[in-house]
Amino acid sequence: MPFAPGVLERPALEVAPLLLGAVLTRGVISVRITEVEAYLGETDPGSHAFRGRTPRTVTMYGPPGHLYAYFSYGMHVCANIVCSPEGTASAVLLRAGEIVAGLDEARSRRLTSKTDADLARGPARLTKALGIELGDDGADLNRAPFDLELPARLAAWATGPRTGVSGLGGGVDYPWRFWVPGEASVSPYRRHVAKRAG
DNA sequence: ACGATGATAATCT
DNA sequence: GATTATCATCGTT
């Protein structure tokens with residue numbers, strides 16, 4: 001069953017914890033999301049949309065429940081789920097997850113990973129394992145080959161500063177990284193931090 | 001387990 | 001021309 005319309009039509013900070021435990025499918029591969037980051041848009045110094053609408057960020061201003069995929073560091077693709085109403089730039093970056101279907105296919109896409117926990121540990125690894133490419137930017141997550149299943153109940157979560165964000169937006173004033181405590185697919189140095197909410 | 005480093009190109013100023 | 005929401009590899013503890 002796909003997610004209910006309107007659930008994602010809220011600011012990224014509210015949507016982010018809802019996505020922990022969600023299962024995203026592309027084709028034969030499914031991943032259970034264990035780590036995300038919220039990007040609030042024009043008021044957020046860490047967001048691509050901080051300086052307003054540009055050709056790259058048009059998808060972020062689009063309707064919620066679509067994929068915002070962008071090209072990073074000259075060789076990687078990262079995936080966000082667009083949230084907040086159309087016209088507002090807000091999205092949640094998918095940072096890590098656990099492969100729950102299509103394991104063999106995911107392994108063949110990620111030949112450098114030594115263990116299954118490494119398959120989707122990291123935003124660019126996650127997109128590579130799922131097979132998400134730049135051409136998927138703007139895709140509706142309720143339409144094939146995609147599917148998004150939100151969790152029935154909220155998981156326990158921890159928060160902390162965002163990773164890889166330089167300047168103001170990466171500091172402790174923006175603790176907008178959310179993860180499931182103890183998950184093998186989360187970056188190890190903060191995997192067990194116990195500040196939890198909910 | 002952790003830190004440093006090179007790879008590599010779209011996007012924005 | 002600078003910057004970048006990263007990864008894999010290789011070095012040192």
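Since the model is a prediction, treat every value here as computed from it, not as a measurement. Per chain, numbering begins at 1; letters A, B, ... match sequence-line order.
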Grab the CG-C1' distance between Leu19(A) and dA5(C) for me, whole Å please.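 It works out to 16 Å between those atoms.
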Could you state the atom-to-atom distance from NE2 of His48(A) to C1' of dA10(B) in whole Å?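 After rounding, the gap between these two atoms is 11 Å.
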Would you say Leu13(A) ends up clustered with Phe50(A) if hydrophobic residues are merged whenever their side chains have heavy atoms under 4.5 Å apart, either directly or through other cluster members?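 Phe50(A) and Leu13(A): separate clusters.
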Watson-Crick or G-U stems involving DNA chain C, each at least 3 pairs long, distances under 3.5 Å, ordered by first number: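 Expected stems, ordered by start: B:1-7 with C:6-12, B:9-12 with C:1-4.
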Chi angles and distances behind the side chain to side chain contact (heavy atoms under 4.5 Å, CB included) call for Leu67(A), Phe146(A): CA-CA 10 Å; Leu67(A) 189 75; Phe146(A) 288 100; 4.0 Å; yes
I need a per-nucleotide contact map over nucleotides 6-13 of chain C, read 5' to 3'. Cutoff is protein heavy atoms under 4.0 Å; write B for the base, S for backbone only, - otherwise. BSS-----
Assess the residue pair Tyr61(A) and Glu42(A) against the criterion (side-chain hydrogen bond (donor to acceptor under 3.5 Å, both in side chains)); give the C-alpha distance rounded to whole Å, side-chain angles, the decisive distance to 0.1 Å, and a yes or no. CA-CA 10 Å; Tyr61(A) 287 83; Glu42(A) 297 184 353; 2.6 Å; yes
Does any donor atom in the side chain of Arg32(A) or Thr34(A) lie under 3.5 Å from an acceptor atom in the other side chain?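 Side-chain D/A pair, Arg32(A) to Thr34(A): absent.
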Does a sphere of radius 6.0 Å around CZ in Arg143(A) hold more than 12 heavy atoms from other residues, nucleotides or ligands, not counting ones at 6.0 Å or beyond?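 Count not over threshold, so no.
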Nearest 0.5 Å, please: how far is OG in Ser30(A) from CD in Glu149(A)?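 If I round to the nearest 0.5 Å, the distance is 8.5 Å.
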Roughly how far apart are Tyr39(A) OH and Leu93(A) CG, rounded to 0.5 Å?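 Reported to 0.5 Å precision, the distance equals 5.5 Å.
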Measure the shortest side-chain to side-chain distance between Leu103(A) and Leu119(A) over non-hydrogen atoms and say whether it is less than 4.5 angstrom.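 They are in side-chain contact.
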Quick one: which protein N/O atoms are closer than 3.5 Å to N/O atoms of nucleotides 11-13 of chain B? Pair and distance per line, please.
unit_1	atom_1	unit_2	atom_2	d
dC12(B)	OP1	Thr54(A)	OG1	2.1

Any sub-3.5 Å donor-acceptor pair from Arg125(A)'s side-chain atoms to Ala96(A)'s backbone N or O?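 It does not hold such a pair.
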Less than 6.0 Å separating the ring centroids of His76(A) and Phe71(A)?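 No - the distance between ring centres of His76(A) and Phe71(A) does not fall below the 6.0 Å cut-off.
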